[in-house]
Amino acid sequence: VQLQASGGGLVQAGGSLRLSCAASGGTFNNYAMGWFRQAPGKEREFVALISWRVSTTYYADFVKGRFTISRDNAKNTVYLQMNSLKPEDTALYYCATYAGGNYYYTTNYDYWGQGTLVTVSS
């Protein structure tokens, strides 16, 4: 499975961005998909997850009410709509296929995209 993340950019605090992650080379509908982020000097952290069948969603506390994860199985794409962005949301954002277990742990994801940079200015 290959994952291509896109949609990052520079935005002012309070603004919005929508990230996309396009999958190829596998059966996308079989995978729950997650988004992680990694800020400079920090560990990669869980942001959101969407299940593969009924699109149940899970979010890190720090993005609840601001970010929305969704998927379009017909397009093999998962999205992350980010609203009310804050400077502390600045990071490389990665999408990944979830393999099972605790969804907070990076080790429970097997395929990763290359990351897309989100920069939020104050």
Side-chain angles (χ1 to χ4, degrees):
V1 175
Q2 292 81 46
L3 303 175
Q4 180 71 41
S6 61
L10 174 63
V11 63
Q12 289 189 332
S16 299
L17 282 174
R18 189 177 81 155
L19 306 184
S20 299
C21 175
S24 61
T27 307
F28 179 74
N29 293 4
N30 288 347
Y31 291 100
M33 298 293 297
W35 284 97
F36 280 73
R37 70 185 188 185
Q38 187 167 17
K42 295 189 176 182
E43 293 187 350
R44 196 170 297 188
E45 62 181 354
F46 171 78
V47 175
L49 175 74
I50 186 165
S51 67
W52 67 275
R53 182 180 292 178
V54 296
S55 294
T56 303
T57 57
Y58 307 86
Y59 296 95
D61 286 344
F62 54 78
V63 302
K64 283 182 180 177
R66 300 190 299 125
F67 292 9
T68 302
I69 188 171
S70 62
R71 65 191 296 158
D72 185 337
N73 289 337
K75 296 182 178 179
N76 288 354
T77 300
V78 63
Y79 304 98
L80 186 68
Q81 177 67 44
M82 306 186 297
N83 299 328
S84 302
L85 282 162
K86 305 174 181 180
E88 52 264 42
D89 293 320
T90 295
L92 266 172
Y93 283 73
Y94 298 88
C95 56
T97 56
Y98 173 60
N102 190 318
Y103 53 77
Y104 276 85
Y105 297 154
T106 60
T107 51
N108 291 330
Y109 294 78
D110 40 17
Y111 299 101
W112 291 82
Q114 84 289 0
T116 185
L117 180 62
V118 172
T119 304
V120 184
S121 63
S122 57

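Sequential numbering from 1 along the given sequence is applied to the chain's residues. Because only heavy atoms are used, hydrogens play no part in the values below, and waters and symmetry mates are left out as well, while side chains stay in.
One distance of note links OG1 of Thr56 with CD1 of Ile69; it measures 11.5 Å at 0.5 Å rounding. The distance from the CZ atom of Arg18 to the CE atom of Met82 is 11.5 Å, given to the nearest 0.5 Å. The distance from the CD atom of Gln114 to the CD atom of Gln2 is 12.0 Å, given to the nearest 0.5 Å. Going from atom OG of Ser51 over to atom CE of Met33 covers 12.0 Å, rounded to the nearest 0.5 Å. Within the model, atoms CD of Gln38 and CD of Glu43 stand 8.5 Å from one another, a figure rounded to the nearest 0.5 Å.
The shortest heavy-atom contact between Val1 and Tyr111 is O-CD2, 3.5 Å. Considering every non-hydrogen atom in both Trp35 and Ser20, the closest pair reads CH2-O, 3.7 Å. Considering all non-hydrogen atoms of both residues, Ala5 and Cys95 come closest at CB-SG, 4.1 Å. The two residues Leu85 and Arg66 come nearest to each other via the heavy atoms CA-NH1, 3.9 Å. In terms of heavy-atom proximity, Thr116 sits nearest to Gly7 at OG1-N, 3.9 Å.
Hydrophobic side-chain contacts under 4.5 Å tie Phe46 into a cluster, directly or through other members, with Phe36, Leu49, Tyr58, Leu92, Tyr94, Tyr98, Tyr103, Tyr104, Tyr105, Tyr109, Trp112, Leu117.
A side chain to side chain contact (heavy atoms under 4.5 Å, CB included) with Val78 is found for one member of Ile50, Leu3, Thr97 and no other, namely Ile50.
Screening residues 68-83 for side chain to side chain donor-acceptor pair (under 3.5 Å) gives Ser16-Asn83, Arg71-Asn73, Gln81-Asn83 as the qualifying pairs, with residues at least two apart or on separate chains.
Residues Asp61 and Lys64 are paired through a salt bridge, judged by an N-O separation under 4.0 Å between the basic side chain and the carboxylate.
Residues Val47 and Trp52 fall into different hydrophobic clusters, defined by Ile, Leu, Val, Met, Phe, Trp and Tyr side chains chained together at heavy-atom separations under 4.5 Å.
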Show the numbers, then the answer: is there a side-chain contact (heavy atoms from CB on, under 4.5 Å) between Glu88 and Phe62? CA-CA 10 Å; Glu88 52 264 42; Phe62 54 78; over 6 Å; no
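For Ala99, the side chain to side chain contact (heavy atoms under 4.5 Å, CB included) partners two or more places apart in sequence, or in a different chain, are Asp110.
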